[in-house]
Amino acid sequence: MKAMRFLFAVVTFLSCSVAVASELAPDQLLKKVTDEVLEVIRNDKEIKSGDTRRAMELVETRVVGHFNFSRMTQLAVGREWRKATPEQKKLLTDEFRKLLVRTYSNALTQYKNQTVAFKPLDLKAGQIDAKVRTEIRQPGTKPLNLDYYMEKSDASWRVYDIEVEGISLVTNYRGTFSSEIQEGGLDGLIASLRTKNSAVLVGSRASKT
Amino acid sequence: MNSTMRNDVSIGRTLAIVAVSLALGACSSTSGNKKDPIEGFNRAMFAVNETIDSYAVRPVAKAYDDYLPVVVKAGVSNFFGNIDDVFTGVNNFLQGKPGDGASDLGRFVINSTIGILGMVDVASDIGLAKHDEDFGQTFGRWGVGNGPYVVLPVFGPKTARDTVGFMVDRYVDPVGNIEDVSVRNSLSALRIVSIRAELLPADKVVDEAALDKYSYVRDGYLQRRRSQIFDGDAPRDTEEE
């Protein structure tokens, strides 16, 4: 009986928190995730001293759920995406996801004492696409604009692009990807991404020891 | 660098370099990127610049960043930023934004006086936001297209339009026009080191993110310029989606 009540409490709690998460506006959701992540980093010496692997664990548990990697990959690959087989699409998405997660985690290890300010978002009823503007502030330097493009699907908002000072992290790969595809086709691009991902892994292991 | 010679000489030289690069482009192999018709030349120049950076500029910027206190670095950055504000203001007027232009000139007056020769950015604290304009952006506002992408020796990525804008920027630049050669050289070097030091955190990120550093930097530069011309409000590029 006790166990039943406990189980009921857990289920209620879970469904409540899911409901709350899905009802959050895109900027509120991002603010919540950002606050959580920065709180962890501030208290984690290893991340602050440049341990990318630890930062990646944090990103995997707290951040990736809010990103739409298949949309991101589709945007970066461009018009060749339509010609990809489901298997190629999956491989491309997996490899590109690894690359983005590591880049993002790596950027987190550079965190000093910056604060993140969210600019007001004017969200209309029924809107399913939004640009959330933030500013990274650091004493002594110009603030850095960091904007998130988000879309609503299945009742929750997910990020499909990040722009740093007007440079889109996703579409910035388009030029590279299209020349890779021209040279070696979609499989050539998959192979290049794999090589890059394994090279960087070896590199970060080497720099740690 | 232009600091070691008179401005008009360096501008003539830059023009010659652009002319040569465009001519070389006609015979260099391309991968068919229409924004980058002289890719072969650009890649070679990019490699040269990377070498110069890793041996000469980056180590100095690293030492500067490691050993100087934040207050000093901020003072230096603000000092040069204050000079930039004047031309940001001029360009805002040229782009038909007199409100922003007046605010930029107001910033210059306030920071040059209360802000001790521009070293303290008092104006930002009282709500006059810093803008970022140059002649390349003004030409862009006026409807001049990018033209081919060019990697200049030492100065790095530019578009043909921004190369011309950059020459105008240099021509009116007060630091480059200082009569005393040693003062001019020292200030020019300090400005380069200060700007490079602020970019240090991006190095590792770019190295790890880029499949091909050349095209990653090129496309980043082109996106950044596009965003600057629209003052950060560029319509989303939906090409090829």
Side-chain angles (χ1 to χ4, degrees), chain A residues 50 52 71 74-81 96 99-100 102-113 129 131 133 138-143 145 147 149 161 163-169 171-180 182-183 189 192-193 195-197 199-201 203-204 207, chain B residues 30-33 35-36 39 69-78 81 120-121 124 129-132 149 194 197-198 200-234 236-241:
Chain A
T52 307
R71 174 97 195 264
Q74 185 178 348
L75 281 173
V77 172
R79 69 167 75 100
E80 296 294 316
W81 181 257
F96 193 43
L99 187 62
L100 290 175
R102 208 189 27 252
T103 307
Y104 187 78
S105 308
N106 197 354
L108 285 183
T109 65
Q110 316 266 332
Y111 178 81
K112 297 238 172 65
N113 297 309
D129 204 292
K131 180 181 182 180
R133 292 163 174 277
Q138 187 185 357
T141 57
K142 264 182 287 180
N145 292 306
D147 302 332
Y149 285 88
D161 199 359
E163 257 182 35
V164 185
E165 288 288 307
I167 304 172
S168 146
L169 286 191
T171 57
N172 209 45
Y173 282 98
R174 242 183 228 166
T176 312
F177 280 15
S178 96
S179 48
E180 289 279 345
Q182 238 174 38
E183 270 172 42
L189 174 59
S192 296
L193 283 166
T195 312
K196 172 76 190 175
N197 283 334
V200 177
L201 261 185
S204 64
S207 68
Chain B
T30 67
S31 72
N33 187 324
K35 291 171 187 162
D36 190 6
E39 189 175 332
V70 174
V71 188
V72 175
K73 287 185 282 186
V76 171
S77 171
N78 287 338
V120 187
D121 185 0
S124 284
K130 187 167 176 62
H131 303 121
D132 169 28
Y149 175 75
S194 161
E198 284 180 12
L200 285 171
D203 287 359
K204 195 180 169 206
V205 176
V206 171
D207 281 339
E208 293 211 346
L211 241 59
D212 166 28
K213 195 173 177 186
Y214 168 80
S215 59
Y216 196 82
V217 170
R218 175 194 64 203
D219 295 342
Y221 173 79
L222 293 173
Q223 282 202 62
R224 171 93 183 104
R225 290 303 284 173
R226 183 168 180 273
S227 162
Q228 283 177 317
I229 289 167
F230 285 98
D231 291 337
D233 258 327
R236 198 166 161 77
D237 182 8
T238 50
E239 178 198 6
E240 294 177 25
E241 270 182 35

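So you know, we letter chains A, B, ... as the sequences are listed, proteins then strands, and number each from 1.
- Remark: Asp212(B) does not engage Lys196(A) in a salt bridge, criterion side-chain N to carboxylate O under 4.0 Å.
- The most heavy-atom pairs under 4.5 Å with chain B, out of Trp81(A), Tyr104(A), Tyr149(A), come from Tyr149(A).
- For Asp147(A), no part sits under 4.5 Å from any heavy atom of chain B, backbone or side chain.
- Only the side chain of Glu163(A) comes within contact range of chain B, judged by heavy atoms closer than 4.5 Å.
- At a 4.5 Å heavy-atom cutoff, the contact between Asp207(B) and chain A is made by backbone atoms alone.
- Looking at Val164(A) and Gln223(B), their side chains never come closer than 4.5 Å, going by heavy atoms from C-beta outward.
- Within the 4.5 angstrom heavy-atom criterion, atoms from both the backbone and the side chain of Ser168(A) approach chain B.
- Rounded to the nearest 0.5 Å, atoms CG (Asp233(B)) and NZ (Lys131(A)) are 6.0 Å apart.
- Interatomic distance, Glu180(A) CD to Ser215(B) OG, rounded to the nearest 0.5 Å: 8.0 Å.
- Across all non-hydrogen atoms, the minimal contact from Leu211(B) to Ser192(A) is CD2-CB, 4.2 Å.
- The distance from the OG1 atom of Thr176(A) to the CZ atom of Arg218(B) is 7.0 Å, given to the nearest 0.5 Å.
- Counting only distance, with no hydrogens or angles, the side chain of Glu165(A) and the backbone of Arg224(B) share no donor-acceptor pair below 3.5 Å.
- Heavy-atom distances place the side chain of Leu189(A), and not its backbone, under 4.5 Å from chain B.
- Interface residue Ala210(B): only backbone heavy atoms are found under 4.5 Å from chain A.
- Between Asp219(B) and Gly175(A), the closest heavy-atom pair is OD2-CA, 3.3 Å.
- The two residues Gly166(A) and Ser227(B) come nearest to each other via the heavy atoms CA-OG, 3.5 Å.
- Counting all heavy atoms, side chain and backbone alike, Ala209(B) lies closest to Leu99(A) at O-CD2, 3.8 Å.
- Side chain of Asn172(A) to backbone of Tyr216(B): a donor-acceptor contact under 3.5 angstrom is found.
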